[in-house]
Structures are given as C-alpha cells and as structure tokens.
Amino acid sequence: MSTHSAPVPPAPKHLVIIGAGPAGLTAAWENMRHGGTSTVLEGDTVVGGIARTAKHNGYRFDIGGHRFFTKVKEVDALWHEVLTKDFIRVPRQSRILYRRKFFAYPLKPFQAFFGLGPLESIRIFFSYLAARISPKSPEEDLETWVSNRFGKRLFQIFFKTYTEKVWGVPCTEIQAEWAAQRIRGLSLFRAVYNSFVKDKSIKTLIDEFDYPRLGPGQMWETFHANLEEAGSKVHMETLARKIHWKSGEGVTAVEAVKDGKAQLFTGDAFVSTMPMKELAEALEPPPPPNVLAAARRLRYRDFICVALMLKGEGFFTDNWVYIHSPEVHVGRVQNFNNWSKEMVPEPGITCLGLEYFCFESDPLWLKTDAELLELGKREIFETGLVPHGTPLVDGAVVRMKKTYPMYDPGYGEAVDELRAFLAKELPNLQLVGRNGMHKYNNQDHSMLTAMYAVRNLYGASHDLWAVNVDEDYHEELRETRSDKTLTTSAP
Ligand SMILES: Cc1cc2nc3c(=O)[nH]c(=O)nc-3n(C[C@H](O)[C@H](O)[C@H](O)COP(=O)(O)OP(=O)(O)OC[C@H]3O[C@@H](n4cnc5c(N)ncnc54)[C@H](O)[C@@H]3O)c2cc1C
C-alpha cells in the first residue's frame, strides 16, 4: 500500500473585497475559480470603476475610451471567456490637432517640420539648431530635457500644452528623470520620442484593438452578473469607510455604509482597490502619524467627461484626437461612433466625449453641468472638429475623481512607507489595482495584480508590486531580433 497521499488543496476562502472595478471583480472571479465566494463592497451605483460605461438617454460612453489590448495572455483569455461573442475589432486612428491642423500620431518629423507653414518651419529649425549647439544645463526638468533634444519650438507645440493639460503642472516642475523613465506611460510623449529617436525593434503602434460592442461597462456588468450567479455578492452603493485592525492580527472587519446604515463585513482575507490615501485614512485605529502623513501626500489628477450628442455624422474618422491647441482647455476628444456603432441609439447623431483633466479643487471641477456643456460646445466648434452651428441634441457630464495617481517627487517614498506599515501590521490585507497600489496600471495590470493576490491566498507567492514595472508602454509590438517574429510579450 502506498504511503503517499495527494496534497490537500487549500480550503475555499471567503474574501471581502473593496471596490467593484476591474481589479475588485477580477479578485472575486479568481476566488470563484478556487471554489471560494466573495463579498464585494462598491460605493458607487455602477460597476466597472473608471472602466465603466456611462449611460444617458440610450447613449453610451466611456470615461476616456477604453481599449482592450494586452500582452498578458491570461488576462486576454479571461476577457474572451467572459464576453464570448460580444467583442468587436476596432481599427485605430488617432491624430494630433494643433491650430486646426491634423498631425499624424505617432508624429512624423517631416510632417511636423513642414506642416506648420514656412515661418514656423524656420523657427523650428533654428530652435533645434540652437539646442544642438548649446544645450541647456543642468537638465533637471522636463522642459529642458525635451528642448535639448528637439528644440524649444517643437517642445512648445508637441509636448508642453498637452503634457500640462494632463498633469496640471508646468513642465519646468516635472523632473527630467521622471519624464525619461515614467512619462512614457503618457503615450503621446513616447510616440513623439520614438519618431525622433528611432528604435528599430519597434514595429508599430497597435492598429486595431478589441472592444466590447456596448463599451467596457459590458465586460464589468457581465462579470458582476456571473459572480452573483456563482454565489458571490456585490453590495452596490456600499462605501467602505472604516478598516478595523489589531496589531499582530491584521484586519478584523470592514465597516461599510449603505443608506446611512453601517454594517461590518468579515472574511478569511481582505483585498482593497480603494485609493491608498483613503485606505490609510479609514484605518481604525489610525496608523502612526508618519504613515498617515505619507498617505496624505499622495496626489491624484481628476477628470471630467463632457459628452456632446450632435446632429450629423462623419465629422472625423479618428477614435480620438489629441488637442494640442493652447486656446482650448479640452485635452482629448473621443468619437464614440468610431468605437462601436452601438454606442449611439440612432443613426444621424454623433456622440463625442470631451476630456478635461483637472484637480477637484479647480474652478473647472466646480462648474455646473450646464456651464460645462456650454464650455464643451464652444470649444468643439473652436477646434474646428465640428462645424459652427451644428445642432446639439443632447449632452451629459461625468466627473470622475482620482483617475490618475500622480508620480510627483516623493510619491515613491510615501507609497513605500505605507506599504511597509501595512505589510507588517495588516498581513491579511492585499492592495491591488490602479489607485489601490498608486500605480499607473491599465485594466490588464490592474486585473493581473488581483489574480496574483488571490493566488497568493491559495499557496502561490507572486510579487504584486513587480507587475508593470519597467515594462515598455504596451501599445508597442516589438520584433525580437533573434527570430524576427512579432511578439506581444514584454521586451
Ligand atoms: C482616461 C482614461 C483612459 C483609460 N484607458 C484605458 C484603456 O484604453 N485600456 C485600459 O486597459 N485601461 C485604461 N485605463 C485604465 C483603467 O481605467 C484602470 O486600469 C482600471 O479602471 C483600474 O481598475 P481598478 O479596479 O484598479 O480601479 P477603479 O476602476 O478605480 O475601480 C475602483 C472601484 O472601487 C470603488 N471604491 C473606491 N473606494 C471605495 C470604498 N471606500 N468603498 C467601496 N468602493 C470603493 C470605486 O467606486 C470603483 O468602482 C484608462 C484610464 C483613464 C483614466
């Protein structure tokens, strides 16, 4: 008789998960695969977090267009497992608009040079020459770093305005090192950089991508429905406001409120996708003052989407356009008709999403919906993307807080300090996702951290913080020099 017995798989666990965005729902899904059930607490009225699809009078639009593109095979497989037949393949086009002229994206140097007229070309040429002959030093900020490489004039036209619209700080206050290493997540910068500094291994930016026919929210609504069917529960409009913990024991319960009533949720382990700053502030008892101070120095960029439904179709062929013109506040314009025809309830109308990057303390954030719609209407005509006088048939405004965790000086030390405290005192809590880890993660990496966190509970030992580190911006397909085949794996 054999003395060997098969290893006993870990018992299924019950998890308490904060947030029903891509990361939170993926954590619940992964737990379901291991036979466990989850209680997901979602403060909002809809699932999907930043990757939701907003709905208004039959129109559907994203908080910024959400492409489903990834190098992570298991995430891609999961997307297709959940939305079996509902993906469409969308051709990609996106261009830069500057002073009513379109420029290719990625930028073509010759077009940039000649496309702005002879006078501007001369200015670009001489400022480039000046930068090459006497580059400025020290090269400490983004403005100097870029100007030294491309000349001041090209910097002003193709880097400065858009970068400052997105991040809300002057380029002189953005560290050069930060630009060189991290701003490449800001795809425009990388695209322009690549067009000048040729990396032969980069074949192309992706020219098509997957998209749920009813927008990204369709993915997260399907996740939600399937999870509930399998025995997990997503509590909507239930805001986690206190994380009770004991030293040496970790989290004991999450206290959440719905309709003014507080309830305690307990489980075998806890997963958080809420912003790190808010998590620290919710700890009960509060963490030591240095930890709280570190958390409170984390900053975020907020976002307003002004959706305009305009009479007519075919205004432009792009999925989205980067607006470099300094005269307008709008940073990017999405054309949802060019993502999926089903985003618009009837033909003959175009739904545009005007993206405004701001801080929640800005006057822009505090404007009424009517004022924002008026601003959007004025600016869309000013860009020249839509002819003046085109009738507006409907409009909607969505304000979304904390869309971009900011990588400002000192943020890394702050994250490390909070992480060290949580790892020591609350070992049964795992942080995943975008704001959950204060990391510039797209859906795929947000999901992967969630998958890994749950696998760790069942015996794996993944380092969640190694996901999406030093990985090149994932729009690029690289050609491996050895076999000359296109690969989508990380370089
Ligand atoms: C403009 C823009 C465009 C983007 N485009 C793409 C793209 O093309 N492709 C792509 O893959 N990714 C894209 N992303 C990134 C993508 O949106 C994120 O990676 C993803 O949404 C992160 O998922 P998450 O679950 O970590 O966080 P979130 O989406 O932020 O979800 C967190 C959830 O937690 C809830 N929550 C927070 N605090 C609490 C609390 N205290 N109690 C209860 N619930 C709480 C929130 O309401 C939210 O639903 C884009 C992001 C932006 C801003």
Side-chain angles (χ1 to χ4, degrees), residues 16-28 39-53 61-72 75-76 79 90 92 94 166 185-187 206 209-212 215-217 219-220 223-224 234-243 254-258 265 271-282 300-305 319-320 331-332 334 339 353 355-357 398 400-405 431-450 453 464 467-468 473-475:
V16 175
I17 298 166
I18 303 171
L25 292 173
T26 303
T39 297
V40 185
L41 308 173
E42 172 51 58
D44 215 327
T45 52
V46 291
V47 296
I50 304 169
R52 73 186 55 189
T53 297
F61 53 93
D62 303 3
I63 311 303
H66 271 67
R67 283 171 294 160
F68 285 69
F69 173 77
T70 184
K71 289 174 178 176
V72 185
V75 167
D76 199 51
W79 284 340
V90 181
R92 172 202 170 128
S94 51
V166 174
L186 189 64
S187 54
I206 55 161
F209 53 84
D210 285 333
Y211 189 68
M219 172 70 74
W220 307 114
F223 258 77
H224 180 191
V234 181
H235 295 265
M236 300 303 299
E237 296 176 76
T238 306
L239 190 75
R241 67 168 182 193
K242 278 188 185 155
I243 318 286
V254 175
E255 184 182 316
V257 255
K258 180 171 180 143
F265 294 90
V271 173
S272 168
T273 73
M274 67 191 281
M276 285 182 86
K277 180 181 175 186
E278 291 173 8
L279 174 86
E281 290 176 332
Y300 304 84
R301 195 78 173 132
D302 309 297
F303 184 94
I304 303 172
C305 176
N319 316 99
W320 69 92
R332 219 163 36 170
Q334 303 283 342
W339 287 75
E355 301 181 5
Y356 292 91
F357 309 96
V398 177
M400 190 62 93
K401 288 185 188 171
K402 298 189 172 60
T403 39
Y404 292 89
L431 309 186
V432 302
R434 183 169 166 112
N435 287 333
M437 303 174 84
H438 203 86
K439 234 173 154 188
Y440 202 80
N441 284 331
N442 265 349
Q443 291 176 107
D444 56 347
H445 290 130
S446 303
M447 293 170 70
L448 193 62
T449 55
L464 311 188
V467 170
N468 192 12
Y473 187 61
H474 72 194
E475 278 190 353

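Read the numbers this way: they start at 1 and go in the same order the structure lists the ligands and their atoms.
At a 3.5 angstrom cut-off on N or O pairs, Ser446 counts as close to ligand 1. Where the criterion is an N or O separation shorter than 3.5 Å, residue side chain and backbone included, Gly43 meets it with respect to ligand 1. For the pair Glu355 and ligand 1, the shortest N or O to N or O distance does not fall below 3.5 Å. Between Pro22 and ligand 1, at least one N/O pair is under 3.5 Å apart. Considering backbone and side-chain N/O atoms, Glu278 never comes within less than 3.5 Å of an N/O atom of ligand 1. For a threshold of 3.5 Å applied to N or O pairs, the pair formed by Gln443 and ligand 1 contains at least one separation below that value. At least one N or O atom of Ala240, backbone or side chain, sits closer than 3.5 Å to an N or O atom of ligand 1. Annotation: Ile50 places an N or O atom under 3.5 Å from an N or O atom of ligand 1; distance criterion only.
The backbone and the side chain of Asn442 each have at least one atom closer than 4.0 Å to an atom of ligand 1 (non-hydrogen atoms only). Proximity of Tyr404 to ligand 1, defined as any heavy-atom pair under 4.0 Å, is confined to the side chain (atoms from C-beta onward).
In this structure, Phe303 and Tyr404 have tilted ring planes: the angle between them lies in the 30° to 60° band.
Under the rule for a side chain to side chain donor-acceptor pair (under 3.5 Å), Thr403 has no partner lying at least two apart in sequence or in another chain. Evaluation of the side chain to side chain contact (heavy atoms under 4.5 Å, CB included) rule for Val90 yields Ile88, Phe209, Tyr211, Asn319 as partners, not counting sequence neighbours.
Numbered from 1 in the order shown, with element, the atoms of ligand 1 that lie under 4.0 Å from a heavy atom of Ile18 read 40 (C), 42 (N), 43 (C). Counting the atoms of ligand 1 from 1 in the order shown, those under 4.0 Å from a heavy atom of Ala23 are 24 (P), 25 (O), 26 (O). Close approach of ligand 1 to Arg332 is summarised as follows: ligand atoms under 4.0 Å from at least one heavy atom of the residue are 1 (C). Atoms of ligand 1 found under 4.0 Å from any heavy atom of Leu239, numbered from 1 in the order shown, are 40 (C), 41 (N), 42 (N). Listed by number with element, the atoms of ligand 1 under 4.0 Å from a non-hydrogen atom of Thr273 are 32 (C), 34 (O). The atoms of ligand 1 that sit less than 4.0 Å from any heavy atom of Thr403 are 53 (C). Remark: ligand 1 atoms within the under-4.0 Å shell around heavy atoms of Arg67 are 7 (C), 8 (O), 9 (N), 10 (C), 11 (O). Within ligand 1, counting atoms from 1 as listed, the ones closer than 4.0 Å to a heavy atom of Ile63 are 1 (C), 2 (C).
A side-chain hydrogen bond (donor to acceptor under 3.5 Å, both in side chains) with Asp444 holds for exactly one of Thr449, Thr70, Asn468; it is Thr70.
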